[in-house]
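Heads up: the structure comes next, in structure tokens.
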Amino acid sequence: MTPRGMTGLAMIMGLFTLLPAAEALADGGVVVRQTPRHTPLPAAGVPMRNRLAAPPDNEVKADNAPDPRAGGASRLPAVSASTRAYGSFGIPYTSVRVQDGPPAGSANQANRLSTTYPYRTIGRVVFQYNGGQAHCSASLIMRSVLVTAAHCAGDLGSNALFSGWTFRPGFYGPNGSTPQQQEPFGAWTTEAVAVAPTWLNGKDTGSGAARNNDLAVFIVSKNNGQFIGDMVGWMGYGWNNFSFTRSAKTRSMWTGATTTLGYPGLMDFGSIMQRADGPSFLTTVRRAKQIWQGNNFTQGSSGGPWVVNFGYRAADLNGGAQPGAASAMNVVVGVTSWGSLDPNIIKDNYSSQFGQNKEYPGKDYGGYGAGNIGALLQALCSSAPVPGGPSYAALGYCNSSFN
């Protein structure tokens with residue numbers, strides 16, 4: 001197996017914004033950086049892959065011990081989610097293009113599906129890397145907060161960040177597509193990013209591609225005074241294995257039904273959103289807390305959301321039917337981190353678990369939830385665009401509930 005991320009290109013340090021020594025925070029803290037304002041980057045970019053070495057399959061161990069921690073998710077409407085079909089690989093899954101109607105260039109709007117909620121909360125993020133551009137996948141989990149993989153923000157152990165992040169929600173860009181299809185809701189730049197200091201200094205728990213904290217969160221700048229979430233909406237986020245369960249039926253393995261979305265480079269050249277559905281399992285790989293699923297996504301899908309109870313509208317229940325215990329819809333519980341570079345060999349995918357771990361053991365960080373996702377969001381949302389001024393949370397960027 002090889003890791004998922006960016007194509008192998010030499011690193012040119014002059015392109016990166018180096019972190020000041022004052023930001024070399026102790027383990028368990030969060031590095032928050034303002035991202036310079038810039039003109040939106042073009043939509044092109046090589047697919048990003050995680051360049052760290054992937055652990056062997058025999059080092060992947062299922063987590064099947066009881067979990068004393070309390071799971072949770074940000075507040076969204078409580079609705080039931082329907083079941084999904086599955087395929088016939090080692091870990092079953094299905095994979096399909098997010099497209100409605102004939103291909104681009106036809107009279108019909110082929111990108112209609114990717115512009116509907118919740119698909120339109122997901123998009124491609126392009127950034128400056130190695131003298132050119134690379135792309136990852138990302139999703140909105142608050143009114144103006146984007147989540148993606150940490151390796152789409154900066155290389156492990158580099159003490160540096162990439163630059164020029166530009167997010168296009170609902171991106172649809174195959175040959176023949178129109179500018180309106182490529183940017184159905186515009187191009188959005190960023191103002192601030194939060195990552196684990198252990199990611200930047202290379203001390204994050206794990207080895208190779210398997211790490212505890214391969215996630216990053218961004219503040220998205222307003223466009224013409226408007227929040228991005230007011231245009232496209234946003235999903236929620238969960239922690240401590242929200243919506244996962246273990247029983248004799250799963251041989252005591254923690255199992256969840258997940259929908260993974262993103263722009264893998266080996267599927268439609270990374271130009272069309274893809275969706276995969278199937279079971280996911282909690283695992284520990286080289287001491288790193290991971291989620292594992294069957295999947296044929298490749299580089300470029302890095303940072304794409306892993307969603308439980310994905311869907312638009314739930315059915316009206318009748319005849320005494322009741323929703324399940326974890327019924328919140330569209331909850332992001334991870335982002336694509338690494339997997340097989342060649343989808344013809346091993347069809348798998350991994351994410352750092354959102355929740356409590358060695359670096360972020362807290363049960364709650366300022367009301368934003370437990371563990372890594374809560375700590376990063378607390379640090380990001382409590383920071384301010386102007387020193388001494390109101391925080392991003394106070395300015396409305398971090399709203400999490402909507403009607």
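Computed from heavy atoms alone, side chains included, the values below leave out hydrogens, waters and symmetry copies.
- Judged by distance alone, the side chain of Gln353 and the main-chain N or O of Leu282 form no donor-acceptor pair under 3.5 Å.
- Under a 3.5 Å cut-off, the side chain of Trp239 and the backbone N or O of Gln356 do not form any donor-acceptor pair.
- Between the side chain of His38 and the backbone N or O of Thr190 there is no donor-acceptor pair closer than 3.5 Å.
- Using a 4.5 Å cut-off on side-chain heavy atoms (C-beta onward), His151 and Leu156 make no contact.
- Ring pair His135/Tyr263 is perpendicular by interplanar angle, where above 60° counts as perpendicular and below 30° as parallel.
- Contact of the Cys381 side chain with the Met142 side chain is registered, since non-hydrogen atoms from C-beta on lie closer than 4.5 Å.
- A distance of 6.0 Å separates CG in Leu215 from CG in Asn213, rounded to the nearest 0.5 Å.
- No donor-acceptor contact under 3.5 angstrom links the side chains of Asn372 and Glu359, judged on distance only.
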| field | Steps toward side chain to side chain contact (heavy atoms under 4.5 Å, CB included) verdict (Ile141, Trp234) | value | CA-CA 5 Å; Ile141 55 171; Trp234 59 91; 5.9 Å; no
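- Judged by distance alone, the side chain of Arg168 and the main-chain N or O of Gln182 form no donor-acceptor pair under 3.5 Å.
- Taking the six-membered ring where the residue is Trp, Phe127 and Tyr129 present perpendicular rings, their angle passing 60° and hence far from 30°.
- For the atom pair CD of Gln293 and CG of Asp277, the computed distance is 9.5 Å after rounding to the nearest 0.5 Å.
- Distance alone, capped at 3.5 Å, is enough to place a donor-acceptor pair between the Arg120 side chain and the Val232 backbone.
- In this structure, the side chain of Thr198 does not engage the main chain of Ala196 through any donor-acceptor pair within 3.5 Å.
- With rounding to the nearest 0.5 Å, the separation of CD in Gln226 from CZ in Phe185 is 11.0 Å.
- Side-chain contact between Asn159 and Asn201 is present, with heavy atoms from C-beta onward closer than 4.5 Å.
- Here the closest heavy-atom approach between residue Leu52 and residue Gly208 is recorded as CD1-O, 3.2 Å.
- If you look at Trp188 and Phe167, their ring centroids are not closer than 6.0 Å.
- Atom CG of residue Leu146 and atom CH2 of residue Trp165 lie 11.5 Å apart, to the nearest 0.5 angstrom.
- Within the 4.5 Å cutoff, side-chain heavy atoms of Tyr392 are placed close to those of Ser383.
- In terms of heavy-atom proximity, Gly303 sits nearest to Thr148 at CA-OG1, 3.3 Å.
- Side chain of Thr166 to backbone of Leu41: a donor-acceptor contact under 3.5 angstrom is found.
- In this structure, Thr298 contributes its side chain and Leu266 its backbone to a donor-acceptor pair below 3.5 Å.
- With a 4.5 Å cut-off on side-chain heavy atoms, Tyr397 and Ser391 do not count as touching.
- Only one option out of Phe310, Phe171, Tyr172 pairs with Tyr119 in a ring-ring contact (aromatic ring centres under 6.0 Å, His included); it is Phe310.
- Across all their heavy atoms, Ser352 and Ser337 have their closest contact at N-CB, 4.4 Å.
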| Can you check side chain to side chain contact (heavy atoms under 4.5 Å, CB included) on Trp306 and Ile291, steps first, answer last? | CA-CA 10 Å; Trp306 293 33; Ile291 311 176; 3.5 Å; yes
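- Of the possible polar contacts, none joining the Asn295 side chain to the Tyr93 backbone as a donor-acceptor pair under 3.5 Å is found.
- Within the structure, no pair that satisfies the salt bridge (charged side-chain N to carboxylate O under 4.0 Å, His left out) test touches residues 206-229, not counting sequence neighbours.
- For Ser271, there are no side chain to side chain donor-acceptor pair (under 3.5 Å) partners, not counting sequence neighbours.
- Shortest non-hydrogen contact noted between Phe162 and Cys152 is CD1-O, 3.6 Å.
- Although no hydrogens or angles enter the test, the distance criterion places a donor-acceptor pair under 3.5 Å between the side chain of Asn330 and the main chain of Gly311.
- Taking 4.5 Å as the limit, some side-chain heavy atom of Arg143 sits within range of a side-chain heavy atom of Asp230.
- Remark: Lys289 NZ to Asn357 CG distance equals 7.5 Å, nearest 0.5 Å.
- Side-chain contact between Val195 and Leu200 is present, with at least one heavy-atom pair separated by less than 4.5 Å.
- Within the 4.5 Å cutoff, the side chain of Leu261 has no heavy atoms near those of the Ser139 side chain.
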| field | Residue pair Phe354, Tyr360: steps toward the ring pair (Phe, Tyr, Trp, His ring centres under 6.0 Å) verdict | value | CA-CA 10 Å; Phe354 283 9; Tyr360 299 104; over 10 Å; no
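- With rounding to the nearest 0.5 angstrom, the CE atom of Met231 is 11.5 Å from the OG atom of Ser144.
- Between Pro169 and Ile228, the shortest heavy-atom contact is CG-CD1, 4.1 Å.
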| message | As a quick check of understanding, evaluate side chain to side chain contact (heavy atoms under 4.5 Å, CB included) for Val333 and Val331, giving each step before the final call. | response | CA-CA 6 Å; Val333 296; Val331 177; 4.2 Å; yes
| request: Could you please spell out the steps behind the side chain to side chain contact (heavy atoms under 4.5 Å, CB included) verdict for Ile219 and Val145? | output: CA-CA 5 Å; Ile219 291 290; Val145 175; 4.0 Å; yes
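- Smallest separation of non-hydrogen atoms from Gly300 and Ser137: O-OG, 2.8 Å.
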